[in-house]
Visitor: 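First, the structure itself, so that you have it in front of you.
In the text below, chain A, chain B and the rest are named by the order of the sequence lines, each starting its count at 1. These values consider heavy atoms only, across backbone and side chains, with no hydrogens, waters or symmetry-generated copies.
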Number of protein chains: 2
Amino acid sequence: MDDTKPEQVKSIADLARIGGVSVSTVSRALTGKGALNKGTRERIQALADRHGFKLNVAAQNLRLGRTGAIAVLLPLGHERGQHLSDPFFMAMLGFLADALTDRGYDLLLSRVLPQGDDWLDTFIRTGRTDGVIIIGQSNQSAVLDRTAAHYAPMVIWGEQSSRNAHVTVGTDNQAGGALAAQHLVARGRRRLAFFGNVAVPEFAARYQGFVAALPADLRDTVELVHTHITPEASLEVATAWFAAGNRPDGLFAASDVVAMSLLSAATDHGLSVPGDLSIIGFDDIPMARLANPPLTTVAQDIEGGARQLVDLLFRRLAGEDAGSISIAPRLVIRESS
Amino acid sequence: MDDTKPEQVKSIADLARIGGVSVSTVSRALTGKGALNKGTRERIQALADRHGFKLNVAAQNLRLGRTGAIAVLLPLGHERGQHLSDPFFMAMLGFLADALTDRGYDLLLSRVLPQGDDWLDTFIRTGRTDGVIIIGQSNQSAVLDRTAAHYAPMVIWGEQSSRNAHVTVGTDNQAGGALAAQHLVARGRRRLAFFGNVAVPEFAARYQGFVAALPADLRDTVELVHTHITPEASLEVATAWFAAGNRPDGLFAASDVVAMSLLSAATDHGLSVPGDLSIIGFDDIPMARLANPPLTTVAQDIEGGARQLVDLLFRRLAGEDAGSISIAPRLVIRESS
DNA sequence: CTGTTAGCGCCTTCAC
DNA sequence: GTGAAGGCGCTAACAG
């Protein structure tokens, strides 16, 4: 056809000049919005392709008063190492990335070390993203509540509570704890303990649900062992605990990673699982089935959760006053119990 | 002092009006750039704080001709499930987020299903980010090379090769394979196999390094077992392989996740580790020490790697023609060998 | 159907 | 030391 040499085209103005049309025509051709003669549209599109030109998304978004990005924040309130290693978050993040991509949004990832009480407002006011997804309340419930009061497009993965002013999506952790309790009791286990960090709302709920579902005589004897849920910390705590002579017959861990630490420590101390004791985890990370023996666990629907988070966020972004969502957990029985 | 009611301040123009100064003064006060009377600067900053005003980062970046964001792309060329579950990526991502945050940049996360051969150029031309970090070549080396020819701010975590036109940071996978070989040989193991997907450059190099470091008589008998490196796929392959009657005494896995599958499958078939056979993984994910028995593995320096990736990217962003970096692996001997 | 124009919110020369 | 004005690249009335 014609033989325009691919010169540097940096903006629609350049392309407009080369194509002998106005910038609005180029804009209409490339966005597909607005009425435009089919021939012109195709000619401009072809011209853009030939020059390897794409609309600048940043400028486009500025003009549209949006950013085209959603922030995913991992607050490291007290579990500094958790997010680095826990497969649960990787899975969640992957599904979130998919769900946001499907809607044409970018995912802005940020790990935050909460400082003072306005790290969240400060982040939001810089206008970097159109909405915020926060993974876990950590110890920041008060900050979340304060921001939720004036900022709608924010959803939190975590524990739902009537005390929360912020909107959450999350597993019914109490129900999950109850599933674990019922299972251990059904197996005839009576010397029980829970391992986790109850300063984290999700874990506290798992513990409460666990205790509440126990028969009255066991409720008073169940031990609460505090541990951060990183592999390193939980292995250390578990090893020390067994070394101190504790001989339980039923353990419920706040996460699969902690459960794997318990498994490892128990084996090291010559105990057989599930012969001498049962161990139950929480999450059902892909690796739970690779544990030795494969881990019985309370499964969270990570993919479904991610989808619900994104759905809810976009409903709120659209002005709808959509509320919290609770997801039922499911007991997956393998060989560790 | 004064009692201005916090009205809605959406731009520096609003603040300029309220403060009785020009927009340029506000800009100078809030960015700290340019000369300005100290008193004015402090007055405007106080005014901004009182109104909870922050500069709009998107507009600022548009004006400065940058985006303030770096893309981290996970190409899912043939390991669709890998990135969802492999703790290695979570760790890498966490460290990248930290390193980028330290430099005042955002991390734009994107999982891409490579389509055709210009998904990368298309992404770059939309101008969403100032640079690109790609985790793994996947099967896209040709695409990466083509883009690298005209786009400097791009670094790849993966396998370095003289055939690569793109710049990489990565573990010396051949050396890692050699470490595994030497260790198994030193343990007197002779019936060897490698488990992994050699269509992935990194894994191919691990396999080659492994074979090359073997004594001549073993080199011909080592078996290459193909498996994707997801927990699900590798467990299935390992189980079938043992069920077919294979009785090796030394296994080298392309990743720790695969090694844990091998451990699980071997135990299921009544084999003892390390009694009957030795198993070595690759990565040294935090959970490797929680395996039962704890996993011997070739450790990658994930944190150092992430830092090098970011350093290299910013050097190239500054116009420097900085080249690829190779990181030495380290054998971590635990109880699985 | 297409072009002109006025911004989105900010930074930065150039004057004063 | 501070203000006015132009423009980063794009979109959307409003005209014609």
Visitor: Tell me which of B:Ser22 and B:Gly65 sits closer to the 5' end of DNA chain D, going by the nucleotide each one is nearest to.
Guide: B:Ser22

Visitor: Between C:dG3 atom P and A:Leu15 atom CG, what is the distance in whole Å?
Guide: 13 Å

Visitor: Has the side chain of B:Thr67 got a donor or acceptor atom that lies under 3.5 Å from a matching backbone atom of B:Ala69?
Guide: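 Yes; at least one donor-acceptor contact below 3.5 Å.
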
Visitor: At under 4.0 Å between heavy atoms, what does B:Leu36 touch on the DNA or RNA strands: base, sugar-phosphate, or nothing?
Guide: sugar-phosphate

Visitor: For chain B and DNA chain D, what are the first and last nucleotides along the strand, 5' to 3', with at least one atom under 4.0 angstrom from a heavy atom of the protein chain?
Guide: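 With heavy atoms of chain B under 4.0 Å away, the range is D:dG1 to D:dC8.
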
Visitor: Counting N and O atoms only, with roles assigned by atom type, does the side chain of A:Arg316 sit under 3.5 Å from a partner on the main chain of A:Ala152, one being a donor and the other an acceptor?
Guide: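 Judged by distance alone, yes, a pair lies under 3.5 Å.
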
Visitor: Under 3.5 Å, is there a donor-acceptor pair between the A:Asp121 and A:His150 side chains?
Guide: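 A pair is found: one side chain offers a donor N or O, the other an acceptor, under 3.5 Å apart.
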
Visitor: What does the list of N/O pairs under 3.5 Å between the protein and nucleotides 10-13 of chain C look like, with a distance for each?
Guide:
unit_1	atom_1	unit_2	atom_2	d
C:dC10	OP1	B:Asn56	N	2.8
C:dC10	OP2	B:Ile12	N	2.6
C:dC11	OP1	B:Gln60	NE2	2.5
C:dC11	OP2	B:Ser27	OG	2.8
C:dC11	O2	B:Arg63	NH1	2.0

Visitor: Could you tell me whether a side-chain N or O of A:Thr31 sits under 3.5 Å from a main-chain N or O of A:Lys33, the two making a donor and an acceptor?
Guide: yes

Visitor: Do the side chains of A:Asp311 and A:Arg103 get close enough for a salt bridge, i.e. N-O under 4.0 angstrom?
Guide: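 Salt bridge between A:Asp311 and A:Arg103, a charged N being under 4.0 Å from a carboxylate O: yes.
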
Visitor: Any sub-3.5 Å donor-acceptor pair from B:Thr129's side-chain atoms to B:Ile70's backbone N or O?
Guide: no

Visitor: For A:Asp117, is there any backbone N or O sitting under 3.5 Å from a side-chain donor or acceptor partner on A:Arg146?
Guide: yes

Visitor: For A:Val169 and A:Ile156, run side chain to side chain contact (heavy atoms under 4.5 Å, CB included): C-alpha distance rounded to whole Å, both residues' side-chain angles, the deciding distance at 0.1 Å, then the answer.
Guide: CA-CA 6 Å; A:Val169 173; A:Ile156 285 88; over 6 Å; no

Visitor: In this structure, how many angstroms lie between the P atom of C:dG9 and the CD atom of B:Gln8, rounded?
Guide: 11 Å

Visitor: Please give, in whole Å, the distance from C:dC8 C1' to B:Asn61 CG?
Guide: 14 Å

Visitor: For residues B:Ser24 and B:Ser27, is any side-chain donor paired with an opposing acceptor at under 3.5 Å?
Guide: no

Visitor: Check whether A:Asn37 reaches the backbone of A:Gly39 with its side chain - one donor and one acceptor, N or O, closer than 3.5 Å.
Guide: yes

Visitor: Using the C1' atoms of the five pairs at each end, what is the angle between the end axes of the helix from C:dC1-D:dG16 to C:dC16-D:dG1, to 10°?
Guide: 40°

Visitor: Between the side chain of B:Arg66 and the main-chain N/O of B:Asp130, is any donor-acceptor distance below 3.5 Å?
Guide: no

